[in-house]
Amino acid sequence: MTVANDLRLDETALREFRSVFAGQIIRPGDDPYEEQRRVWNGAIDRHPAVIARCAGVADVVAALSYGRATGLMAAVRSGGHSFPGQSVCDGGIVIDLGPMKGIRVDPEGRTARAQAGVLLGDLDRETQAFGLGVPAGIVTHTGLAGLTLGGGVGWLMRKYGLTIDQLLAVDLVTADGEFVKASADQNPDLFWGVRGGGGNFGIVTEFEFRLNPVGPTVLAGPIMWPIEKAPEVLRFYRDWIEDAPDELTTIVVNRKAPPLPAIPQEIHGKPVVVVACCYAGSVESGEREIAPLRKFGTPLLDLCSPKPFVMHQAMFDPSFPRGWWYYFRSCDVARLSDEVIDTTVEHCMHIESPLSGCPIFHLGGRVARVGENETAFSGRAAGHTFNINGITTGEDGFDEERDWARRLWTALEPHHTSVYVNFLMDEGEDRIRQAYGPKKYERLTELKKRYDPDNFFRLNQNIPSD
Ligand SMILES: Cc1cc2nc3c(=O)[nH]c(=O)nc-3n(C[C@H](O)[C@H](O)[C@H](O)COP(=O)(O)OP(=O)(O)OC[C@H]3O[C@@H](n4cnc5c(N)ncnc54)[C@H](O)[C@@H]3O)c2cc1C
């Protein structure tokens with residue numbers, strides 16, 4: 001018997017809730033319950049008492065007020081991609097904005113409005129129809145909402161900044177059910193907080209972004225060498241990116257080559273070092289910029305070519321499907337020093353699982369030029385963000401992969417600077433403090449006292465109100 005099945009909900013309150021709710025209310029035993037209680041990370045197995053699939057803002061307000069009235073623990077879900085599964089809970093209510101998928105692009109004004117249930121691929125599809133885009137993440141099925149509220153790193157960040165750097169405004173329902181807007185002009189303090197402070201201050205129902213020209217054809221893709229060459233490749237890479245233009249964003253990945261159709265069979269399962277590139281400018285200038293990298297050593301494979309941006313965006317999708325078991329450790333480092341490179345390579349040579357790996361995002365460019373205090377996001381000055389992932393298809397072997405990820409993270413500890421809040425697991429208050437630094441943490445606490453004094457929104461990288 002699960003916690004949720006055990007829980008007796010007040011039937012009168014539930015009836016009243018149903019009478020004002022336009023979306024779908026799902027309870028244990030209902031047909032879609034098993035599917036809907038699941039989130040992206042298959043290692044998370046929780047049983048909420050109620051899943052409220054919201055059709056619009058009125059439903060969000062109704063679900064929130066039902067949650068408050070009944071004292072149920074509330075989880076807020078949009079794309080369901082939280083690494084530690086913070087968008088689902090045992091015995092509480094999931095306020096699910098997934099069905100809210102409206103997008104409106106204004107190509108002349110170069111803005112887009114997107115509701116909270118939009119996934120990154122949905123937004124790219126609509127904006128790319130006009131050759132425009134929002135800088136966001138690297139996997140199309142990630143939720144726009146959670147990603148944006150934490151900051152948003154991805155392929156376009158060195159040119160256009162983090163996702164929050166192109167955010168113009170949000171609509172938000174506060175803990176007491178009030179509908180407010182936040183932008184540079186309206187509730188600017190709240191606008192500062194939602195740009196990096198996560199879901200601590202309310203439920204965002206809609207985002208408005210500035211759009212910028214992107215592609216639609218970009219020079220992009222992975223270049224691969226055997227892992228034995230990684231010490232030289234990464235030293236060359238480190239020096240080469242020193243002068244990289246903002247148009248070029250790269251992500252290094254150390255892993256075993258996945259069995260994808262684009263990769264020759266004889267490489268499948270071989271440990272490799274990959275530099276994945278995305279040049280957000282003309283293909284011709286991209287060819288010039290990327291030439292030194294592709295000439296370095298003898299790459300096993302070079303799949304960096306002109307392609308639609310939306311195709312490049314989907315490149316990592318097969319590596320992170322829904323339902324596998326995932327464990328992450330993350331940190332920022334100032335630069336890829338010899339020690340950082342050697343430690344990383346040494347550990348990546350011993351990856352067991354064909355699925356685990358170590359993506360390293362190159363920051364800088366526009367990310368670093370936005371003032372550190374302009375948004376709640378922290379760590380703009382970092383050189384690189386590590387996202388070490390231990391992955392298995394199910395429970396078998398998961399503990400070993402998790403331990404591998406922990407070992408690499410620990411070995412890198414002398415080099416840690418900050419950490420990106422969206423790449424944290426459930427790691428406790430000290431790590432959240434570390435993610436924001438003492439001054440921002442204090443400012444976020446003050447904001448929390450104003451917008452959520454009872455800490456109703458606590459299933460997140462939590463900023464407590466006291
Ligand atoms: C496969 C994969 C790839 C990723 N790639 C990237 C990447 O390239 N760049 C990057 O920056 N991040 C990336 N991430 C991390 C990602 O930013 C976070 O996992 C983010 O939380 C996902 O948002 P979501 O809406 O899908 O999450 P959910 O699990 O739905 O929500 C996560 C948390 O966000 C808050 N939240 C969600 N929706 C709302 C809302 N509408 N209002 C208020 N609070 C809300 C809640 O606190 C919730 O617990 C990736 C994650 C995955 C799983």
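Residue indices begin at 1 and follow the sequence shown. Whatever order the structure lists ligands and atoms in, that order sets their numbers, starting from 1.
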Do any N/O atoms on Leu97 end up under 3.5 angstrom from N/O atoms on ligand 1? no
Answer yes if the side chains of Ser183 and Asp185 hold a donor-acceptor pair under 3.5 Å, and no otherwise. no
Proximity winner for atom 43 (C) of ligand 1, if only heavy atoms of Gly202, Ala136, Gly154 are counted: Gly202
Say whether Gly198, considering both its backbone and side-chain N or O atoms, lies within less than 3.5 Å of an N or O atom on ligand 1. no
Atom pair OG (Ser319) and CH2 (Trp324), whose distance is rounded to the nearest 0.5 Å: 7.0 Å
Indicate yes or no: does an N/O atom of Val204 lie under 3.5 Å from an N/O atom of ligand 1? yes
Ionic contact status for Asp45 with Arg37, cut-off 4.0 Å: yes
Using a distance threshold of 4.0 Å (strictly less than), state whether atom 33 (C) of ligand 1 has a protein heavy-atom neighbour. no
Where is the nearest protein heavy atom to atom 19 (O) of ligand 1: which residue, which atom, and how far? His81 O, 2.9 Å
Which of the numbered atoms in ligand 1 are under 4.0 angstrom from any heavy atom belonging to Gln86? 49 (O)
Check Tyr420 against ligand 1 and report side chain, backbone, both or neither, counting heavy atoms closer than 4.0 Å. side chain
Taking distance alone, with N or O pairs closer than 3.5 Å, would you say His141 contacts ligand 1? no
Considering the heavy atoms of Gly137, write down every atom of ligand 1 situated less than 4.0 Å from one of them. 7 (C), 8 (O), 9 (N)
Using a 4.0 Å cut-off to any heavy atom of Trp40, which atoms of ligand 1 qualify? 1 (C), 53 (C)
For Ser356 and Ile391, indicate whether the former's side chain and the latter's backbone hold a donor-acceptor pair under 3.5 Å. yes
Considering only the protein, which heavy-atom contact is closest to atom 12 (N) of ligand 1, and what is its distance? Leu147 CD1, 3.4 Å
Under 3.5 Å between any N/O of Phe423 and any N/O of ligand 1: does that happen in this structure? no
Going by heavy atoms, is Phe316 under 4.0 Å from ligand 1? no
Mind checking whether Gly80 has a heavy atom under 4.0 Å from ligand 1? yes
N/O separation below 3.5 Å, Gly143 to ligand 1: yes
Quick test: of every protein heavy atom, which one is nearest to atom 51 (C) of ligand 1, and how far off is it to 0.1 Å? Phe83 CE2, 3.3 Å
Axial cation check for Phe456 ring with Arg68, 6.0 Å and 45° limits: yes
For Arg77, the ligand 1 atoms whose distance to one of its heavy atoms is below 4.0 Å: 30 (O)
Please check if the distance between the ring centroids of Trp40 and Tyr326 is under 6.0 Å. yes
Which ligand 1 atoms does Ala145 reach within 4.0 Å, using its non-hydrogen atoms? 38 (N), 41 (N)
Is the ring pair Phe316/Trp155 parallel, tilted or perpendicular, if the boundaries are 30 and 60 degrees? parallel
Answer with yes or no whether the side chains of Asn462 and Asn200 bring together a donor and an acceptor at under 3.5 Å. yes
Aromatic contact, Phe377 with Tyr420 (centres under 6.0 Å): yes
Considering heavy atoms of the protein only, find what lies nearest to atom 8 (O) of ligand 1 and give residue, atom and distance to 0.1 Å. Ile138 N, 2.8 Å
Heavy-atom count check: over 12 atoms from other residues, nucleotides or ligands less than 6.0 Å from Glu442 CD? no
Check ligand 1 against Gly152 and write out every atom of the ligand that is under 4.0 Å from a heavy-atom position of the residue. 11 (O)
Whether Tyr451 and Phe201 hold their rings parallel, tilted or perpendicular, with breakpoints at 30° and 60°: perpendicular
Evaluate side chain to side chain contact (heavy atoms under 4.5 Å, CB included) for Leu144 paired with Leu119, printing each intermediate quantity in order. CA-CA 5 Å; Leu144 176 70; Leu119 305 182; over 6 Å; no
Check this for me: does any side-chain nitrogen of one of Arg53 and Asp96 sit under 4.0 Å from a carboxylate oxygen of the other? yes
Checking a contact table here: which protein heavy atom is nearest atom 46 (C) of ligand 1, and how many Å away? Val76 O, 3.6 Å
Starting from atom 17 (O) of ligand 1, what is the nearest protein heavy atom, named by residue and atom, and what distance separates them? Asn422 ND2, 3.0 Å
Ligand-side contact atoms (ligand 1) for residue partner Ala116, heavy atom cut-off under 4.0 Å: 41 (N)
Among Leu149, Asn387, Val153, which one puts a heavy atom closest to atom 45 (C) of ligand 1? Leu149
When the ring planes of Phe328 and Phe83 are compared, do they come out parallel, tilted or perpendicular, using 30° and 60° as the limits? parallel
N or O contact, Gly79 vs ligand 1, cut-off under 3.5 Å: yes
Select the closest option to atom 49 (O) of ligand 1 among Thr205, Asn460, Leu459, judged by heavy-atom distance. Leu459
Hey, which atoms in ligand 1 end up nearer than 4.0 Å to a heavy atom of Phe320? 1 (C)
For atom 37 (C) of ligand 1, what is the closest protein heavy atom, and at what distance to 0.1 Å? Ser78 OG, 3.8 Å
Polar contact flag for Ser82 and ligand 1 (N/O pairs, less than 3.5 Å): yes
Evaluation steps, side-chain hydrogen bond (donor to acceptor under 3.5 Å, both in side chains), between Tyr327 and Arg406: CA-CA 9 Å; Tyr327 179 81; Arg406 284 180 176 159; 3.0 Å; yes
Has ligand 1 got any nitrogen or oxygen that is less than 3.5 angstrom from a nitrogen or oxygen of Ser87? yes
Arg195 NZ/CZ over Phe191 ring centroid, <6.0 Å and within 45° of normal: yes
What I want to know is whether Gly146 and ligand 1 share at least one N or O pair that is separated by under 3.5 angstrom. yes
Could you check atom 3 (C) of ligand 1 against the protein and tell me its nearest heavy-atom contact, residue, atom and distance included? Thr142 OG1, 3.5 Å
With no hydrogens and no angle check, do the side chains of Thr385 and Asp332 hold a donor and an acceptor under 3.5 Å apart? yes
For Asn187 and Lys181, test the side chains for any donor-to-acceptor distance below 3.5 angstrom and give the result as yes or no. no
Any side-chain donor near an acceptor of the partner, Gln36 and Asp30, under 3.5 Å: no
